Amino acid sequence: MEANKWASFSEGTSDSEGYGEDPDDDDHCCAYASTDIPKLQFRKDISRSRWLDPLGMAEVVERKGGLWTTTGIVRYGKIYCFIEEILYLTEIGALHLLSKDDTPLSLEHVYNKVAEGKSGCSLEYYEAYKHLKSLGYIVGRHGIPWSVRRLKVNCVVNQDTPEPAQSKDEESRNSILISEMINNIQIGGLRLAFDVYPPNSRFRKSAPGDPCFVLCLASEYPPSKDEIENLERHSHGIPLKFCLVEHGRLSFFSFNKVELPILP
């Protein structure tokens, strides 16, 4: 028999990096409905990144500050950011996002990209990511290596036809996309979303260790027993937690198996 164990975090968040949230009354962006767009925070050291539309990510072109120790993935000496990382860093004033022709993109533009849901992240996923980051956790997409020295794509080609040479950008894109296809496993509409690590000043992307838990976004209905067991198998022994996002309120919970005694 199965019983659930609820462990909700407090809804007030404390930004471990010392940059508080200040809600904005600006309502011209309809995409981000759960909360108003916060005012931009301002920092002295601001990094820059360039949006790569085919990849649905951004390449960091100017890196400043120590945030990149726990943010972004490294491929062939370059750092790439997922959309949730871009939005979080833009909100706290640590990153400027540029278009391919180096035109600055607004915070509203980044919110709309998240709302489109085309880059592997929805508004609910972002709220869970932001909450965990504000508590000090290190958060990365599930199953995506932080740093890979070399990933080779083995393609079956005709031996008489030479394989075209790939640029580093193409190889990086292929390695990231293949990793996502392999690791973003959906079971009954549920997906293992984030690998979550405890705060660690010595965290290294080359040797991150095991996460303390894997986070899965839940729907309004509790997952079935079969779905939970399938997700647990794909989490490879790492504890599994669920997050429910409703109207900007987040609840975190997990499931435990219990044996009830048989009554006479």
Side-chain angles (χ1 to χ4, degrees), residues 1-11 13 31-35 56-57 73 82-85 87-88 113-146 175-198 208-263:
M1 190 172 181
E2 188 175 297
N4 57 12
K5 176 184 176 184
W6 296 81
S8 299
F9 288 154
S10 62
E11 290 167 11
T13 61
Y32 196 65
S34 58
T35 60
M57 300 176 70
I73 59 174
F82 291 108
I83 188 67
E84 62 272 16
E85 297 172 317
L87 181 51
Y88 179 76
K113 282 189 175 296
V114 173
E116 290 173 357
K118 295 180 180 179
S119 302
C121 178
S122 65
L123 291 173
E124 292 76 18
Y125 275 69
Y126 174 67
E127 289 200 35
Y129 175 86
K130 177 181 176 180
H131 185 76
L132 291 170
K133 289 287 290 184
S134 70
L135 293 173
Y137 287 99
I138 299 168
V139 186
R141 284 206 184 179
H142 172 68
I144 306 299
W146 291 90
S175 69
I176 295 167
L177 293 178
I178 288 173
S179 294
E180 285 204 279
M181 286 189 294
I182 293 172
N183 293 292
N184 284 351
I185 299 170
Q186 272 191 278
I187 297 173
L190 299 172
R191 193 180 81 182
L192 299 174
F194 298 117
D195 291 332
V196 184
Y197 301 79
D210 291 331
C212 56
F213 64 89
V214 176
L215 187 69
C216 179
L217 268 288
S219 63
E220 57 182 318
Y221 301 105
S224 68
K225 180 175 180 289
D226 288 340
E227 287 174 337
I228 295 170
E229 290 177 346
N230 283 334
L231 288 167
E232 286 177 340
R233 281 194 291 270
H234 286 98
S235 65
H236 305 295
I238 305 299
L240 183 64
K241 293 188 183 296
F242 293 83
C243 177
L244 178 63
V245 181
E246 288 186 310
H247 309 295
R249 302 167 70 93
L250 288 80
S251 299
F252 292 81
F253 59 95
S254 58
F255 294 87
N256 287 338
K257 293 181 180 179
V258 298
E259 294 276 343
L260 292 181
I262 299 176
L263 299 178

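Predicted, not measured: the structure shown is a model, and the values here were computed from it. All values below were derived from every heavy atom in this structure, side-chain atoms included, with hydrogens, water molecules and symmetry-related copies excluded.
Nearest approach of L244 to A218, heavy atoms of both residues: CD1-O, 3.7 Å. Y126 approaches V114 most closely through the heavy-atom pair CB-CG1, 4.2 Å. Closest approach of A128 and L215 over heavy atoms only: CB-CD2, 4.1 Å. The minimum heavy-atom distance between Y137 and Y197, with the atom names listed, is CD2-O, 3.4 Å. The minimum heavy-atom distance between L190 and C216, with the atom names listed, is CB-SG, 3.8 Å. The minimum heavy-atom distance between V245 and C243, with the atom names listed, is CG2-SG, 3.9 Å.
A distance of 10.0 Å separates CD of E232 from OG of S254, quoted to the nearest 0.5 Å. Note that the NZ atom of K257 and the NZ atom of K225 stand 5.5 Å from one another [nearest 0.5 Å]. Expressed to the nearest 0.5 Å, how far CG of L240 lies from CZ of F255 amounts to 9.0 Å.
Using a 4.5 Å heavy-atom cutoff, the side chains of E84 and V139 are not in contact. At a threshold of 4.5 Å between non-hydrogen side-chain atoms, the residues F252 and H131 count as touching. Annotation: side chain of L231 is not in contact with side chain of P223 (no heavy-atom distance under 4.5 Å).
With hydrogens and angles ignored, the 3.5 Å screen pairs no side-chain donor or acceptor of S119 with any backbone N or O of C121.
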V196 and K241: side chain to side chain contact (heavy atoms under 4.5 Å, CB included), yes or no, with the steps?
CA-CA 10 Å; V196 184; K241 293 188 183 296; over 6 Å; no
Using salt bridge (charged side-chain N to carboxylate O under 4.0 Å, His left out), reason through E85 and R141 one step at a time and then give a plain yes or no.
CA-CA 10 Å; E85 297 172 317; R141 284 206 184 179; over 6 Å; no
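Among residues two or more places apart in sequence or in another chain, the side-chain contact (heavy atoms from CB on, under 4.5 Å) test is passed with I238 by D210, P211, V214. For the ring pair (Phe, Tyr, Trp, His ring centres under 6.0 Å) test, residues two or more places apart in sequence or in another chain that qualify with F194 are Y129.
Under the 30°/60° scheme for interplanar angles, the aromatic rings of F242 and F253 are found to lie parallel.
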